[in-house]
Amino acid sequence: MKSFLFFLIFFTAVFTTSAQQTKMAKSEDLKNVYDVQDSVMIKTRDGAFISAIVVKKKGITAPKTVLLQYTIYVRDKERDLKSLKEAADKDYIGVIAYSRGKRFSPNEIFPYENDANDTYDVIDWISKQKWCNGNVGMYGGSYNGFTQWAACKKMHPALKTIVPYVANRPGMGLPMENNVFINPNYEWSFYVGNNKYLDTIAGNDRQRFRNMMFKWWNSGAAYKKMDSIDGTPNRLFQRWISHPSFDDYWQKMTPYGKEFAEINIPVLAIDGYYNDSQNSGLYYLRELEKYNPKANHYLIIGPYSHFGAQREGAPVINGYKVDANALINTNKITFEWFDFIFKNGPKPEILKDRINYQVMGADKWGSAPSIDKMNNNFLTLYLTNSKIKSEKFYSLNSKKPAKKEFLSQEVDFADRQISNNDYYPDPIIKKEIETSNGFAFISDPLKEPIVISGSFLGEIKASINKKDMDIGITLYEVTPDGEYFHLSYFIGRASYAKDSTIRNLLQPNQIQSIPFVNSHLVSKQLRKGSRLLIALNVNKNPFSELNYGTGKIVTEENIKDAKEPLKIKWYNDSFVKIPILNNN
């Protein structure tokens, strides 16, 4: 026992010494090879300070192009330094700047709110340094993707290109989607807002926030009381939910409307079909195409998650084994792009046209000059009230019903035993789908294989006994084997369907047209014999705010507003338009 203890102590000492030596060697290597300025403070025009790190190769005297990452995630000891060294190794200068209030910045932390102005000031500071040749490129994912678009709110002449992956768009995808507040950003606000670095204890405590959601759900309390139930004030959550419209608060964070016409630099965006916040990233590109049709922009998109799109994808996503050629190397493509823009290198091979998308099930890539040109036709299908014999579904038919009729649904918001709208794509392939509430509409079998490519849209015709409702619409492929392949979904608030900036309440007991357009984009080869299925429901579950339909501010409604169930008439001239790509 003593000999073993001696060995353990000796081994531990040797291992510790070895680890210390390795760490010292790495530190020495860093000093010998790189010039690291790790305590840079950049003053903004309004007197705030931004903390930054600059990494250059030693011995370099000529000014170089600067690659900037601007982020709220402070990982300055390992991950951030590694990425900065990589930029230096590839003959650039690497800079990472942290959002106002993070790392050494003495200011208060307000995610999203100051980044548009602050990125401009950081780029301006960089452009005036003797080691900068006047060219700045930006890259990175998620929040880092958002800050790149924020930098385009007012274009600095030194910013020459951006490479945003799965870019966030506050107010459009998160923390609300089509004006419905969803829960994931609740815990994220503690993760990034609790201290100068990252609160990994709160951020990793998924069980705490899951318990909180279900306590809120079961209590019937107003959504704005969520942090009271958690027991910890959430100042950012309260700040966000006070803006349920896509108002000036959200609009000023990144380019809005005609401001997109001023973006005249090359853009390479990367996103995923199963990125939860896909609506955010594609919002920017759709607006860019709308206001600046000649914009020099590119998109790479395939079967990737939020994290997969920022790396190399994954062979399996939510149980679905992706095609072999779907996997890409985001980092490699990024530096190929920078070399193409700044060093006259070849354009990344994957960029055959502006929009480059992987066709699931076909093991191939497609390309198009714009998002709208990903498809060249639509299948228009009506949500009829005709029950299919021997099935639990209604007919999804290409012929508009001759007589206007409806299906009736009643939703009791006081009932916490039943949840509605099972829309989340995990797993992507299911043996069964929820049919105990809502309605499912299924098409005839396809006579030939087709490619669905783009975002489905449509118009719901309905009348309700209240003033508002949140709806969910999910699109599936039902394979000849009887499996349900999740293709896309939409979740949104009826009162904002025609204008996300202004709430227009519904007139009770009158037929209303509720258009929807902002569904998740996808591309997939469907087999002959497959059928299309639309699941239509009212959104009622613990994972987002609950719209009781009174017309009051939704975050203030509670179970006392659930005395009268929501009664809906879904009319049979409601329709969906499925984007398809014909080869002939």
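Here, residue 1 is the first one in the sequence, and each next residue gets the next number.
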Fill in the blank from the handout: Heavy atoms of Ser455 and His520 approach each other most closely as OG-C, 4.0 Å
Handout entry: Trp337 ring center near Tyr298 ring center (under 6.0 Å)
Key = yes
Exercise for the section: May I ask you to check whether over 12 heavy atoms, not counting those of Arg235, lie within 6.0 Å of atom CZ? Expected result: yes
Problem - Side chain Asn356, main chain Trp365, donor-acceptor under 3.5 Å - result: no
Exercise for the section: Please report the C-alpha distance between Ile301 and Gln358 in whole Å, then the side-chain angles of each, then the deciding distance to 0.1 Å, and finally whether the side chain to side chain contact (heavy atoms under 4.5 Å, CB included) criterion is met. Expected result: CA-CA 7 Å; Ile301 189 165; Gln358 205 274 336; over 6 Å; no
Practice task
Would you mind checking if Arg493 and Glu545 are paired as a salt bridge, meaning a charged N to carboxylate O distance below 4.0 Å?
Solution key: yes
Problem - Asn279 side chain vs Met172 backbone, donor-acceptor pair below 3.5 Å - result: no
Practice task
Please check if the side chain of Gln251 supplies one atom and the backbone of Phe246 the other of a donor-acceptor pair under 3.5 Å.
Solution key: yes
Practice task
Taking the side chain as every heavy atom from C-beta outward, state whether Tyr143 and Ser99 have any atom pair closer than 4.5 Å.
Solution key: yes
Problem - Neighbour count above 12 (heavy atom, 6.0 Å) for Asp481 CG - result: yes
Handout entry: salt bridge (Lys or Arg N to Asp or Glu O under 4.0 Å) assessment of Arg239 paired with Glu113
Key = CA-CA 11 Å; Arg239 201 173 181 89; Glu113 296 185 19; 2.5 Å; yes
Exercise for the section: Could you tell me whether Arg208 sits above the aromatic face of Phe190, with NZ or CZ closer than 6.0 angstrom to the six-membered ring centre and within 45 degrees of the axis? Expected result: yes
Exercise for the section: Please confirm whether Lys524 makes a cation-pi placement over Phe485, using NZ or CZ under 6.0 Å from the six-membered ring centre and within 45° of the ring normal. Expected result: yes
Exercise for the section: Take atom NZ of Lys321 as the centre, draw a 6.0 Å sphere, and report whether it contains more than 12 heavy atoms from other residues, nucleotides or ligands. Expected result: no
Practice task
Measure from the side-chain N and O atoms of Asn168 to the backbone N and O of Gly145, and report whether any donor-acceptor pair falls under 3.5 Å.
Solution key: no
Exercise for the section: Side-chain contact test, heavy atoms from C-beta onward, threshold under 4.5 Å: evaluate it for Arg286 versus Leu521 and give yes or no. Expected result: yes
Practice task
Measure centre to centre between the rings of Trp240 and Tyr223, then say whether the value is under 6.0 Å.
Solution key: no
Practice task
Report yes or no: does Ser523 contribute a side-chain atom to a donor-acceptor pair with the main-chain N or O of Val359 at less than 3.5 Å?
Solution key: no
Practice task
Using atom types as modelled and distance alone, determine if a side-chain donor or acceptor of Gln148 lies under 3.5 Å from a backbone N or O of Val163.
Solution key: yes
Exercise for the section: Would you name the heavy atoms of Thr119 and Ala116 that are closest together and state the gap between them? Expected result: OG1-O, 3.1 Å
Handout entry: Sub-4.5 Å side-chain heavy-atom contact between Glu483 and Ile429
Key = yes
Handout entry: Validation row: Thr161, Leu268 side chains within 4.5 angstrom (heavy atoms)
Key = no
Practice task
Taking all non-hydrogen atoms of both residues into account, name the closest pair between Met138 and Tyr70 and its distance.
Solution key: CE-CB, 3.9 Å
Completion exercise
In terms of heavy-atom contacts, Thr479 and Ser530 come closest through CA-OG, 3.7 Å
Practice task
Provide the closest heavy-atom pair for Leu546 versus Asn539 in the form atom of the first, atom of the second, distance.
Solution key: CD1-O, 4.2 Å
Practice task
Step through it carefully: locate the ring centre of Tyr256, locate the ring centre of Tyr283, and say whether they are under 6.0 Å apart.
Solution key: no
Problem - Electrostatic pair Lys430-Asp422, nearest N-O below 4.0 angstrom - result: yes
Practice task
Could you tell me whether the side chain of Ile93 reaches within less than 4.5 Å of the side chain of Thr65, counting heavy atoms only?
Solution key: no
Practice task
With the side chain counted from C-beta on, respond yes when Ile162 and Trp149 share a heavy-atom pair under 4.5 Å apart, and no when they do not.
Solution key: yes
Exercise for the section: Kindly give the heavy-atom pair with the smallest separation between Met253 and Pro170, and that separation in Å. Expected result: SD-CB, 3.5 Å
Problem - Side chain proximity check, Asp76 to Ile96, heavy atoms < 4.5 angstrom - result: no
Handout entry: Donor-acceptor pair, side chain of Asn178 and main chain of Ile491, under 3.5 angstrom
Key = yes
Practice task
Apply the test side chain to side chain contact (heavy atoms under 4.5 Å, CB included) to residues Tyr98 and Ile50: give CA-CA distance (whole Å), side-chain angles for both, the deciding distance (0.1 Å), then the verdict.
Solution key: CA-CA 6 Å; Tyr98 300 101; Ile50 304 300; 5.6 Å; no
Exercise for the section: Taking the side chain as every heavy atom from C-beta outward, state whether Arg169 and Trp250 have any pair of such atoms under 4.5 Å apart. Expected result: yes
Exercise for the section: Would you please indicate yes or no on a ring centroid separation below 6.0 angstrom for Phe456 and Phe378? Expected result: no
Handout entry: Test of ring centre spacing under 6.0 Å for Tyr320 and Tyr274
Key = no
Practice task
Give a yes or no on whether Lys196 atom NZ has more than 12 heavy-atom contacts from other residues, nucleotides or ligands under 6.0 Å away.
Solution key: yes
Practice task
Look at the side chain of Asn179 and the backbone N and O of Ser500, then say whether any donor-acceptor pair between them is shorter than 3.5 Å.
Solution key: yes
